[in-house]
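Here's the structure, in C-alpha cells; my notes come after.
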Amino acid sequence: MSLSVGLVGLPNVGKSTLFNALSRAGAEAANFPFCTIEPNVGVVPVPDARLDALADLASSAKKVPTAMRFVDIAGLVEGASRGEGLGNQFLAHIREVDAVCHVVRCFEDPDVIHVRGGIDPLGDTAIVETELLLKDLETVAKRLERSRRAARSGDKALQREAELVAELAAHLEAGETARTWRGELDPAVRRELSLLTDKPVLFAANVAEDELASGNAASSAVMALAAERGDAVALVSARVEAELAELEDSERAEYLASLGVDSSGLERLIASAYRLLGLITFLTVGPTEARAWTVPDGATAPEAAGTIHTDFERGFIKAEVISYDDYVAAGGESGARDAGRLRIEGREYRIVDGDVIHFRHNV
Ligand SMILES: Nc1nc2c(ncn2[C@@H]2O[C@H](COP(=O)(O)OP(=O)(O)OP(=O)(O)O)[C@@H](O)[C@H]2O)c(=O)[nH]1
Ligand SMILES: [Mg+2]
C-alpha cells in the first residue's frame with residue numbers, strides 16, 4: 001500500500017519546488033527501490049529512524065522504507081474546471097490519490113508574481129476549493145444523467161441510486177464539499193466517482209526560510225482554517241526543502257537547527273498525512289532486509305500479513321510480535337525473546353504502530 005497525495009494550489013505557490021525537492025530527496029536515498037514514475041509523479045521514502053535502528057541491531061543487508069507518492073499538477077486558476085488554462089485536464093491526474101495536499105502561498109517575494117496580486121491565503125484557498133467543487137459537480141452531473149437513464153428500466157435500486165446522486169449534486173451546488181455529504185450512496189459508486197472534494201485535505205502552508213520556526217500571519221490563518229474544519233496542516237518551506245535535498249545527511253540536521261526546527265517539511269507532511277489518513281507503520285527485520293510497512297490503524301494481523309503478500313493473509317497462522325521499544329531495549333530479537341518480550345498473537349490481534357513482526361504462515 002503506497003500512500004498517494006496530489007498537490008493542488010494556485011500557480012506560483014511552490015508546488016513544483018516542493019515536489020522536485022521531495023522527489024530528489026527520494027531519488028538520492030540509499031537503496032531506495034523506487035524511481036520517478038512520470039515527470040509529475042514522485043515516490044518519496046518515508047523517513048523513519050526506527051528502521052535505521054532495527055537494521056543496525058539485526059545487521060540487515062538493506063533497509064526498505066515505506067513510501068509516499070506525490071503527484072504534481074499545474075496550478076489551478078479561476079475557471080480551471082471549465083477548461084481555463086490546462087487545469088481541467090490536470091485535475092483528472094489526481095482522481096486516484098488518497099489525499100489532496102493543498103499548497104498555500106504564505107511567503108512574500110516581490111520577485112515571484114502572485115497571480116492574485118498579494119498574499120491572501122484564505123482568498124486563494126477559496127478559489128482552489130471552488131475549482132475542485134466545480135470539477136466534482138461536472139463529474140456528478142455526468143453520473144446523474146447515466147443513473148437517470150438506467151433508472152428508466154424501473155429497477156428500484158437504480159431509481160434509488162439516481163435519487164441519491166441527485167441529492168449529492170444538490171449538496172455540491174450549495175457549495176458544500178462531498179466529504180460533508182452523509183447520503184447513503186453505495187460505497188462502490190462513491191469510490192468510482194472519486195470526487196476531489198471527497199478526499200481528506202492536508203494543507204501545506206509554504207512560508208519563507210526564516211519563518212519556518214514560528215510561522216507568520218498568513219500561515220496562522222491557514223492553521224486556523226484547517227483546525228476549524230478538522231483538516232490537517234503542516235508548515236513547510238519549499239525553499240528549505242530544496243536546500244535540504246542538496247545537503248549530505250550530516251549537514252541536514254545542522255541546517256534545520258540553524259532555522260530553529262528539528263524536522264524537515266517532508267517529515268512534517270508525512271506525519272500529518274499519516275494522522276489524517278489514520279495510518280500506522282509496522283516493521284519486519286531480518287538479515288536480508290529491515291523494512292517498514294504502512295497499514296490503516298486498526299488493521300488485524302492477517303491484514304498486515306496481506307500487505308506483504310496476499311497469500312500470507314490466506315495462509316496466516318500467527319504473528320510473533322515485539323514492540324519496537326522492547327526490541328531496542330533488549331538489543332535485538334533473541335534478547336527480547338529471552339526477556340519474554342516476544343508475544344504470539346492470533347487472527348484478532350490489531351497491529352500497533354512500531355510493532356516488529358514475524359508472520360508465520362503455511363504458504
Ligand atoms: N521566496 C520563495 N520563493 C519560492 C518558495 N517556493 C517557491 N518559490 C518560488 O516561486 C516560483 C514558483 O514556484 P513553483 O514551485 O514553480 O510554483 P508552482 O506552484 O508549481 O506553480 P505552477 O506550476 O505554475 O502552478 C519559483 O520561482 C520558486 O523559486 C519559497 O518558499 N520562497
Ligand atoms: Mg508547478
Side-chain angles (χ1 to χ4, degrees), residues 5-26 36 38-42 44 69-81 83-94 97 100-121 123-132 135 196 201-223 233-247 255-256 258-261 263-269:
V5 173
L7 300 172
V8 301
L10 291 180
N12 269 6
V13 298
K15 296 182 298 300
S16 298
T17 305
L18 191 61
F19 173 83
N20 290 334
L22 300 182
S23 303
R24 200 155 57 238
T36 304
E38 290 165 41
N40 70 325
V41 180
V44 178
R69 224 168 198 273
F70 283 92
V71 184
D72 184 30
I73 62 168
L76 299 177
V77 292
E78 240 171 322
S81 57
E84 293 287 331
L86 287 166
N88 195 325
Q89 172 191 334
F90 289 120
L91 280 173
H93 291 191
I94 56 162
V97 298
V100 166
C101 177
H102 188 156
V103 184
V104 186
R105 176 159 168 177
C106 297
F107 67 87
E108 299 269 2
D109 188 338
D111 294 334
V112 180
I113 292 165
H114 189 295
V115 289
R116 298 185 53 251
I119 302 302
D120 174 16
D124 291 0
T125 303
I127 289 187
V128 170
E129 287 176 339
T130 302
E131 291 307 316
L132 299 181
K135 183 70 187 170
L196 300 167
V201 175
L202 164 59
F203 283 103
N206 186 19
V207 295
E209 293 95 314
D210 56 356
E211 292 169 330
L212 192 54
S214 52
N216 61 19
S219 67
S220 300
V222 176
M223 299 254 171
V233 59
L235 201 58
V236 301
S237 172
R239 276 275 165 89
V240 168
E241 291 309 306
E243 297 276 337
L244 283 172
E246 303 290 335
L247 296 177
Y255 177 53
L256 287 172
S258 76
L259 296 169
V261 295
S263 59
S264 70
L266 172 63
E267 287 162 320
R268 293 160 191 241
L269 275 174

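Read the numbers this way: they start at 1 and go in the same order the structure lists the ligands and their atoms.
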Report task. Could you confirm whether Ser16 has any N/O/S atom lying under 2.8 Å from the Mg ion (ligand 2)? Result ->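 Looking at Ser16, which is the residue asked about, there is an N, O or S atom under 2.8 Å from the Mg ion (ligand 2).
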With side chains defined as the heavy atoms from C-beta onward, is the minimum distance between [X] and [Y] less than 4.5 Å?
X      : Y      : answer
Asn206 : Cys106 : no
Leu91  : Leu76  : yes
Leu212 : Arg268 : yes
Val41  : Arg69  : yes
Asp124 : Pro121 : no

Does an N or O from [X], backbone or side chain, lie closer than 3.5 Å to an N or O of ligand 1?
X      : value
Val13  : yes
Glu108 : no
Glu209 : no

Query raised in the report: Checking side chain to side chain contact (heavy atoms under 4.5 Å, CB included) against Val8, which of Val128, Leu196, Val71 comes through?
Result: Val128
Query raised in the report: Quick one: nearest non-hydrogen protein atom to atom 11 (C) of ligand 1, plus distance?
Result: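 Of every protein heavy atom, Val112 CG1, 3.6 Å lies nearest to atom 11 (C) of ligand 1.
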Report task. Tell me which protein heavy atom sits closest to atom 30 (C) of ligand 1, plus the residue, atom name and distance to 0.1 Å. Result ->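 Here the nearest protein heavy atom works out to Arg239 CG, 3.3 Å.
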**Report entry** Asp109 neighbourhood, listing ligand 1 atoms whose heavy-atom distance to it stays under 4.0 Å
**Finding:** 1 (N), 2 (C), 3 (N)
Query raised in the report: So between Ser16, Ala242, Pro110, Ala238, whose heavy atom ends up nearest atom 20 (O) of ligand 1?
Result: Ser16
